[in-house]
Amino acid sequence: MIDKLLEEAELAGILVVEERDYHVIFKNNKLKGLYFDNIIALNNRAITTKTEWVCIFAEELGHHYTSYGNILDVKGIPSRKQEKRARNWGYEKLVTLQGLIQACEAGARNRYEIADFLNVTEEYIEESIKHYLEKYGQSKKIGNHIICFDPLRIFKTLE
C-alpha cells in the first residue's frame, strides 16, 4: 500500500518529506503529519511503525483532496470539519468495504486480524468502522455480502 500511496502523491504533484530530512518542520514532536502547499511532511520521531506511517500518510493525502487554507488551529469548527473529511478520505482509501470482505474471506476473525490483513493499525480499523457506521448506519449491502458495523460482522447472502 505504501507504494500505491506514494505513486498517487507523485502523480498529484505532491512532495513527500520526512522529519529526518527537514528537522525544522516539527517543533512539536506530537504532530505526526502535516500537509501544506502540495507537500506532505511526516514526523518519523513521532511515528513508531510502518503501519502507522501508512495511516498518517493516508490522512495527509486526504488533506490534499479535501482541505483548504490553514487548519492548524483545530479548535475552530471549520478546521475540525476539514480534519474529519481528510481522516474519512484516508479510512475509505485504506479500509475499503471490499477490503473488509476480503479480510473476512481470507480468514480474519477479529479486528486485530483484519488490521493485519489490511496493513493498518487496530485503532485505524476502529475509527474506520465508526466512520462507516456514521455514513451508512448499522449495515451496508455490498454485492452478495452484508457488513454490520456494530458489532463488526460480515455475512454472505445466498443470492
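The aromatic rings of Y35 and H64 sit perpendicular to each other, their planes meeting at more than 60°, with 30° as the lower class boundary.
Look at E59 and K32 and you find no salt bridge, because none of the NZ, NE, NH1 or NH2 atoms lies under 4.0 Å from a carboxylate O. Electrostatic pairing of K130 and E127 counts as a salt bridge here, judged by a charged N lying under 4.0 Å from a carboxylate O.
With rounding to the nearest 0.5 angstrom, the OG atom of S139 is 9.0 Å from the CZ atom of R153. With rounding to the nearest 0.5 angstrom, the NZ atom of K141 is 4.5 Å from the OG1 atom of T157. Atom CG of residue L100 and atom CD of residue Q102 lie 9.5 Å apart, to the nearest 0.5 angstrom. The distance from the CD1 atom of I56 to the OG1 atom of T51 is 11.5 Å, given to the nearest 0.5 Å. Distance CD1/I101 to CD1/I114: 11.0 Å, rounded to 0.5 Å. Here CG of D37 is found 11.5 Å from CD1 of I14. Values are rounded to the nearest 0.5 Å.
No donor-acceptor pair under 3.5 Å is formed between the side chain of K84 and the backbone N or O of A86. Put simply, the side chain of N44 never gets that close to the backbone of E18: no donor and acceptor are under 3.5 Å apart. Not a single donor-acceptor pair under 3.5 Å links the side chain of Q138 to the backbone N or O of C148.
Smallest separation of non-hydrogen atoms from Y132 and Y91: OH-O, 3.9 Å. For the residue pair W53 and I47, the shortest heavy atom distance occurs at N-CG2, 3.5 Å. A pairwise comparison of heavy atoms in Q82 and H63 identifies O-CE1, 4.0 Å as the closest pair. Nearest heavy-atom pair, A9 versus V16, reported as atom, atom and distance to 0.1 Å: CB-CG2, 4.2 Å. Across all their heavy atoms, Y65 and A12 have their closest contact at OH-CB, 3.8 Å. Taking every heavy atom of both residues into account, Y124 and R87 meet most closely at OH-O, 4.3 Å.
Side chains of F36 and I39 form a contact here, defined as non-hydrogen atoms less than 4.5 Å apart. Between H131 and V95, every side-chain heavy-atom pair lies at or beyond the 4.5 Å cut-off. Contact check for L5 versus K93: side-chain heavy atoms found under the 4.5 Å cut-off.
Between V54 and the choices L118, L94, N119, the side-chain contact (heavy atoms from CB on, under 4.5 Å) rule is met once, by L94.
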* Given the rule in the side-chain contact (heavy atoms from CB on, under 4.5 Å) test, do F57 and L6 qualify, once you have shown the distances and angles that lead to the verdict? -> CA-CA 9 Å; F57 185 79; L6 287 170; 4.0 Å; yes
* To do: Test side-chain contact (heavy atoms from CB on, under 4.5 Å) on Y112 and I125 and set out the steps.
  => CA-CA 8 Å; Y112 169 80; I125 289 291; over 6 Å; no
* Assess whether side-chain contact (heavy atoms from CB on, under 4.5 Å) is satisfied between L152 and I147, documenting all intermediate values. => CA-CA 7 Å; L152 181 60; I147 302 174; 4.1 Å; yes
* side-chain contact (heavy atoms from CB on, under 4.5 Å) evaluation trace for L97 with H145 -> CA-CA 10 Å; L97 296 176; H145 290 85; over 6 Å; no
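Under a hydrophobic-cluster definition in which Ile, Leu, Val, Met, Phe, Trp and Tyr are linked whenever side-chain heavy atoms come within less than 4.5 Å, directly or via other members, Y136 and L133 are assigned to the same cluster. Criterion: ILVMFWY side-chain heavy atoms under 4.5 Å apart, direct or through other members. Under it, F155 and I142 are not part of a common hydrophobic cluster.
Within 6.0 Å of CD on E126 lie more than 12 heavy atoms contributed by other residues, nucleotides or ligands. Counting non-hydrogen atoms of neighbouring residues, nucleotides and ligands closer than 6.0 angstrom, the NZ atom of K135 exceeds 12 such neighbours. Summarising the local packing, CD of E123 is surrounded by 12 or fewer heavy atoms from other residues, nucleotides or ligands at distances under 6.0 Å.
Partners of K140 by salt bridge (Lys or Arg N to Asp or Glu O under 4.0 Å), not counting sequence neighbours: none found.
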